[in-house]
Structure formats: C-alpha cells, structure tokens
Amino acid sequence: MTDTSEANQERNREIARNEEAKQITGSIRVSTWAVAMVVIVGGILFTLGWLALR
C-alpha cells in the first residue's frame, strides 16, 4: 500500500513540474508577443508623429 502511495506522490510531483514548465514557457511567449506589439505600435506612432511635424 505504501509503495503505491509513494509512486502516486512521485507521479504527482512530476506532473506538477511539467505543468510549471509549460506555464513558464507560455508566459515567456506571451511577454515576447506583448513586447513585439509595443515596438510595432510605437514605431507606427513615432512615424506618424514625425510625418505630421514635417
């Protein structure tokens, strides 16, 4: 009975580690997209502002 319980606990730990890794990867991906969008929108606004001042 104890072997099964320990095996389940180890399995649950492994699942938790995998889920944590997936969550970190997803967060990095979202952050990268957010930074890219800010750079693109900022570039467009800068260009429009520069053209308006000319």
Side-chain angles (χ1 to χ4, degrees):
M1 187 72 107
T2 304
D3 291 337
T4 304
S5 177
E6 289 175 13
N8 283 338
Q9 286 179 348
E10 184 57 36
R11 181 177 173 271
N12 289 339
R13 286 187 195 105
E14 185 65 29
I15 290 170
R17 283 190 290 267
N18 290 341
E19 289 297 321
E20 183 181 8
K22 286 180 185 178
Q23 192 171 26
I24 290 170
T25 303
S27 296
I28 291 170
R29 188 175 298 132
V30 168
S31 297
T32 302
W33 274 104
V35 169
M37 292 304 295
V38 166
V39 169
I40 290 169
V41 170
I44 291 170
L45 292 175
F46 176 80
T47 303
L48 290 175
W50 182 72
L51 290 173
L53 291 175
R54 284 189 72 200

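Just so you know, these numbers come straight off a predicted model, no measurement behind them.
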Considering only Ile, Leu, Val, Met, Phe, Trp and Tyr, and joining two whenever side-chain heavy atoms are under 4.5 Å apart, list the other residues clustered with W33.
none
Taking only residues two or more places apart in sequence, or in another chain, which ones meet L51 in a side-chain contact (heavy atoms from CB on, under 4.5 Å)?
T47
R54 meets the side-chain contact (heavy atoms from CB on, under 4.5 Å) criterion, sequence neighbours left out, with W50
So side chain to side chain donor-acceptor pair (under 3.5 Å) across residues 15-30, not counting sequence neighbours, yields E10-R17, E14-R17
Tracing side-chain contacts under 4.5 Å among Ile, Leu, Val, Met, Phe, Trp and Tyr outward from L45 reaches V41
Listed by chain and number, what are the side-chain contact (heavy atoms from CB on, under 4.5 Å) partners of I28, not counting sequence neighbours?
I24, T32
